[in-house]
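For reference, the structure discussed in these notes is given below.
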Amino acid sequence: MESQLVSVRKGAWAPEEDILLRRCVLQYGEGQWHLIPERAGLKRCRKSCRLRWLNYLKPSIKRGVFQEDEVDLIIRLHRLLGNRWSLIAGRIPGRTANDIKNYWNSCLCKKVGVRGRWPEHQQKKHR
DNA sequence: AACTGCTTCAACCGCTGATCG
DNA sequence: ACGATCAGCGGTTGAAGCAGT
């Protein structure tokens, strides 16, 4: 249950929100995400803040196109680990699980020859 | 130029596992 | 042991941009 009963903002992040979040995480460090919105003065839920930091604001993140060796590594790791995106991301410096997942679903699916995004009629929750 | 379908990617949702009291 | 809460994950959605007609 999200403890934010006050109106929580959704949708795309504004540059000012990025600045507040970055400042807050740099000051207090990662972790304690439930406290971040309050500390930063953001009307966002902790999930949203965490995702934004991990996927876009973190200084170590590498943007731009995937290099050939990265693609090769992703394919091999995926063969090994399956859809364990966070594990795959952990072995590719500067790339996030969300990035890799998106790249896989949009590009590599076809390249590797997986039919469609997922096996036909795959249940939404199957863990 | 306008319309339409496709692709990409940022963000959200719902769930599970870990932790704590 | 158990319920509540939090962190983290994978799957999905939707908007924006692009390409083709």
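Computation of the quantities below employed the complete heavy-atom set of this structure, encompassing side-chain atoms and omitting hydrogens, waters and symmetry-equivalent molecules. All of these numbers come straight from a predicted model, not from anything done at the bench. Chain naming here is simple, since letters A, B, ... match the order of the sequence lines and numbering starts at 1 in each.
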Can you find a side chain N or O atom of [X] that sits less than 4.0 Å from OP1 or OP2 on [N]?
{"X": "A:R46", "N": "C:dG8", "value": "no"}
{"X": "A:R84", "N": "C:dC9", "value": "no"}
{"X": "A:N98", "N": "C:dG10", "value": "no"}
{"X": "A:W85", "N": "C:dG11", "value": "yes"}
{"X": "A:H34", "N": "C:dA7", "value": "yes"}

Round to a whole Å and report the spacing from [atom1] of [X] to [atom2] of [N].
{"X": "A:N102", "N": "C:dT12", "atom1": "CG", "atom2": "P", "value": "13 Å"}
{"X": "A:W104", "N": "B:dT7", "atom1": "CH2", "atom2": "C1'", "value": "18 Å"}
{"X": "A:K47", "N": "B:dT16", "atom1": "NZ", "atom2": "C1'", "value": "11 Å"}
{"X": "A:D99", "N": "B:dT8", "atom1": "CG", "atom2": "C1'", "value": "11 Å"}
{"X": "A:K101", "N": "B:dC12", "atom1": "NZ", "atom2": "P", "value": "13 Å"}
{"X": "A:L51", "N": "C:dG11", "atom1": "CG", "atom2": "P", "value": "15 Å"}
{"X": "A:W33", "N": "C:dC9", "atom1": "CH2", "atom2": "C1'", "value": "15 Å"}
{"X": "A:R52", "N": "C:dA7", "atom1": "CZ", "atom2": "P", "value": "20 Å"}

Write down the atom of [X], the atom of [Y], and the distance for their closest heavy-atom approach.
{"X": "A:L73", "Y": "A:R91", "answer": "CD2-O, 3.9 Å"}
{"X": "A:L21", "Y": "A:C49", "answer": "CD2-O, 3.5 Å"}
{"X": "A:R39", "Y": "A:C24", "answer": "CB-SG, 3.6 Å"}
{"X": "A:W85", "Y": "A:I100", "answer": "CE3-CG2, 3.8 Å"}

*Taking the side chain of A:C107 as heavy atoms from C-beta outward, which of C:dG8, C:dT12, B:dT8 is closest to it?*
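Shortest atom-to-atom distance from the side chain points to B:dT8.
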*For the side chain of A:S86, counting heavy atoms from C-beta on, which of C:dT12, C:dG10, B:dC12 is nearest?*
C:dG10
*asked:* If you take any heavy atom closer than 4.0 Å to DNA chain B, which residues from residues 10-17 of chain A end up in contact?
replied: A:K10, A:G11, A:A12, A:W13
*asked:* Quick check on contacts: within residues 54-70 of chain A, what sits under 4.0 Å from DNA chain B by heavy-atom distance?
replied: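 The answer is A:Y56, A:R63.
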*For A:R23, look at atom CZ and say whether over 12 heavy atoms of other residues, nucleotides or ligands are found less than 6.0 Å away.*
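Not more than 12 within 6.0 Å, no.
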Are [Y] and [X] connected in a single hydrophobic cluster, I mean Ile/Leu/Val/Met/Phe/Trp/Tyr linked by side-chain heavy atoms less than 4.5 Å apart?
{"X": "A:I19", "Y": "A:I36", "result": "no"}
{"X": "A:W53", "Y": "A:I61", "result": "no"}
{"X": "A:W33", "Y": "A:W13", "result": "yes"}
{"X": "A:L81", "Y": "A:Y103", "result": "yes"}

*Does a salt bridge link A:E17 with A:R52, judged by any charged N lying under 4.0 Å from a carboxylate O?*
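So A:E17 does not pair with A:R52 through a salt bridge.
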*asked:* On the side chain of A:R50, is there an atom forming a donor-acceptor pair with the base of C:dA7 - under 3.5 Å, no angle test?
replied: no
